[in-house]
Amino acid sequence: MIRTRARGTRALFAAALAAILSAGAASAEDHGPLPHREKWTFSGMFGTFDQAQLQRGFQVYREVCSNCHSLNYIRFRNLEQEGGPDFSAAQIKALAAEYKVKDGPNDSGDMFERPGRPADKIPAPFPNEQAAAAANGGKAPPDLSLMAKARTFARGGLWFIIDWLPFIGYTEQGPDYIHALLNGYKEEPPKDVTVPPGGHYNEYYPGHVIAMPKPLSDGQVTYAKGANGQPVVPETVDQYSRDVTAFLMWTAEPHLLARKSLGLRAILFLLVLAGLLYYVKKKIWSDVGGETHGLQPELHKTS
């Protein structure tokens with residue numbers, strides 16, 4: 001009877017393990033290859049944003065992505081804050097003034113346009129969601145403010161346990177997905193995939209058919225030149241996608257560095273507190289517990 005139960009338990013455990021391990025393969029089969037795990041400066045407990053990369057990423061967003069996508073949760077003055085792109089106050093003021101912002105009503109009750117101010121939101125490309133949908137085949141392009149946290153993927157199998165472990169955990173699925181998506185366009189889809197009119201094949205998009213045309217191409221955005229007259233980084237799709245992805249990670253979590261700093265201080269405090277509590281406990285109970293100095297020392301007297 002006991003052996004039968006043991007066999008049943010082992011069989012159940014083996015079946016559960018097989019189901020977990022096959023989950024990743026089934027996911028890959030349904031949605032295509034999983035994005036590669038990239039190296040980001042903001043990864044890990046001690047990761048930080050690369051200021052130059054964030055500035056380049058904002059340039060890519062402004063020159064390419066902003067034609068269709070909004071950043072409704074970002075104001076011009078946010079681009080000045082420490083830990084982000086860290087533009088100067090003068091740069092932010094000049095940048096905001098390049099935009100026209102609808103304001104009002106005035107004393108006559110009319111709405112009017114004025115130059116942007118640092119406190120204004122970065123203007124959206126369309127006045128409302130209906131106008132955005134009408135200009136893009138019936139579906140409005142999503143806002144990109146939180147995209148790096150909203151988009152993710154599961155690696156399946158037992159990876160979900162490893163991904164949650166401290167120090168070695170994996171929390172950059174969103175940036176990896178965005179980077180892979182921007183690099184996943186293929187001119188010729190596989191023979192077994194039919195792309196409808198208005199669609200585009202993308203290796204990493206669920207279903208592989210995406211309405212957004214390929215947004216980036218080599219040499220599309222001109223970066224600042226170095227002392228040798230050459231761009232400081234390659235002007236390629238891969239580099240553009242890395243820069244704009246890092247920028248979108250910052251827009252999704254602009255206080256990431258402050259959160260990491262607070263978390264590290266909290267861990268150090270708890271470690272010191274645990275050590276002090278252990279010392280105090282040993283000090284207080286040193287004369288109470290033990291075989292010789294118990295609560296009833298007369299029981300330990302020798303005759």
Side-chain angles (χ1 to χ4, degrees), residues 27 31-51 53-62 64-66 68-86 121-122 124-125 129 132 139-156 159-184 202 204-207 210-212 215-216 240-264 266:
S27 177
H31 302 288
L34 294 177
H36 300 291
R37 184 170 185 176
E38 305 292 338
K39 293 183 179 180
W40 303 102
T41 61
F42 50 81
S43 299
M45 180 178 295
F46 303 102
T48 60
F49 287 114
D50 182 339
Q51 176 185 331
Q53 184 176 47
L54 294 185
Q55 292 187 1
R56 294 194 304 268
F58 175 69
Q59 181 182 354
V60 175
Y61 166 78
R62 189 185 180 195
V64 181
C65 310
S66 65
C68 298
H69 298 275
S70 59
L71 281 179
N72 289 330
Y73 294 98
I74 301 299
R75 298 180 183 272
F76 289 109
R77 65 187 178 193
N78 296 137
L79 300 173
E80 183 185 353
Q81 70 185 43
E82 185 179 357
D86 202 19
K121 294 180 180 179
I122 296 179
E129 187 173 351
K139 186 175 182 180
D143 180 81
L144 296 183
S145 303
L146 306 176
M147 190 59 63
K149 304 294 287 187
R151 295 292 186 267
T152 186
F153 60 90
R155 295 200 287 176
W159 283 110
F160 77 94
I161 299 177
I162 300 176
D163 291 345
W164 279 95
L165 293 177
F167 301 105
I168 63 172
Y170 180 34
T171 60
E172 291 77 36
Q173 292 95 334
D176 286 348
Y177 172 77
I178 294 175
H179 174 264
L181 180 75
L182 294 174
N183 286 273
N202 190 288
Y204 296 99
Y205 188 76
I210 185 173
M212 180 177 69
L216 298 171
Y240 294 150
S241 61
R242 289 181 184 277
D243 293 342
V244 75
T245 296
F247 174 71
L248 293 180
M249 181 61 187
W250 172 79
T251 64
E253 201 160 358
H255 303 293
L256 176 66
L257 302 187
R259 180 174 63 80
K260 287 183 177 182
S261 177
L262 179 61
L264 182 60

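Quick note: residue numbers are just sequence positions, from 1. The analysis underlying the following values was restricted to heavy atoms, covering all of them including side chains, and did not include hydrogens, waters or symmetry mates.
Taking the six-membered ring where the residue is Trp, Tyr204 and His36 present perpendicular rings, their angle passing 60° and hence far from 30°.
When every heavy atom of Glu253 is checked against every heavy atom of Phe49, the shortest pair comes out as O-CE1, 4.1 Å. Summarising the geometry of Pro85 relative to Gln51, their closest heavy-atom pair is O-CG, 3.2 Å, with the distance given to 0.1 Å. Across all their heavy atoms, Thr245 and His179 have their closest contact at OG1-N, 3.7 Å.
For the pair Asn78 (side chain) and Arg75 (backbone), a donor-acceptor distance under 3.5 Å is present. In this structure, the side chain of Ser241 does not engage the main chain of Asn183 through any donor-acceptor pair within 3.5 Å. The backbone N or O of Ala258 sits nowhere less than 3.5 Å from a side-chain atom of Ser261 that would complete a donor-acceptor pair. In this structure, the side chain of Lys260 does not engage the main chain of Thr48 through any donor-acceptor pair within 3.5 Å. At distances below 3.5 Å, not a single donor-acceptor pair connects side-chain atoms of Tyr61 with backbone N or O atoms of Leu248.
Note that the CG atom of Leu71 and the CZ atom of Phe58 stand 8.0 Å from one another [nearest 0.5 Å]. With rounding to the nearest 0.5 Å, the separation of CG in Leu79 from OG1 in Thr251 is 10.0 Å. The CZ atom of Phe42 sits 5.5 Å away from the CE atom of Met249 when rounded to the nearest 0.5 Å. With values rounded to the nearest 0.5 angstrom, Arg37 atom CZ is found 7.0 Å from Ser43 atom OG. The structure places NZ of Lys39 at 10.0 Å from CZ of Arg242, a figure rounded to the nearest 0.5 Å. Distance CG/Leu264 to CE/Met45: 6.5 Å, rounded to 0.5 Å.
Inter-residue side-chain proximity for Ile122 and Phe76 is flagged as met; some heavy-atom pair is nearer than 4.5 Å. Looking at Glu38 and Glu172, their side chains never come closer than 4.5 Å, going by heavy atoms from C-beta outward. Residues Gln173 and Asp176 have side chains not in contact (no heavy-atom distance under 4.5 Å, counting atoms from C-beta outward). Side-chain contact between Trp250 and Leu257 is absent, with no heavy atoms from C-beta onward closer than 4.5 Å. The shortest distance between side-chain heavy atoms of His69 and Pro125 does not fall below 4.5 Å. Under the 4.5 Å side-chain criterion, counting only non-hydrogen atoms from C-beta, Leu144 is not in contact with Val244. Taking the side chain as every heavy atom from C-beta outward, Phe153 and Pro206 never approach each other to under 4.5 Å. Side-chain contact between Tyr205 and Leu181 is present, with at least one heavy-atom pair separated by less than 4.5 Å.
Checking each of Gln59, Arg56, Gln55 against Asp243 for a side chain to side chain donor-acceptor pair (under 3.5 Å) leaves exactly one that passes, namely Arg56.
In the displayed structure, Glu129 atom CD is contacted under 6.0 Å by at most 12 heavy atoms of other residues, nucleotides or ligands. A 6.0 Å sphere centred on OH of Tyr73 holds no more than 12 heavy atoms belonging to other residues, nucleotides or ligands. The local environment of CZ in Arg151 is sparse, with at most 12 non-hydrogen atoms from other residues, nucleotides or ligands closer than 6.0 Å.
Residues Asp50 and Thr41 bring no donor and acceptor atom of their side chains to less than 3.5 Å of each other. At a cut-off of 3.5 Å, with distance as the only test, a side-chain donor of Ser70 or Asp143 sits close to an acceptor on the other residue.
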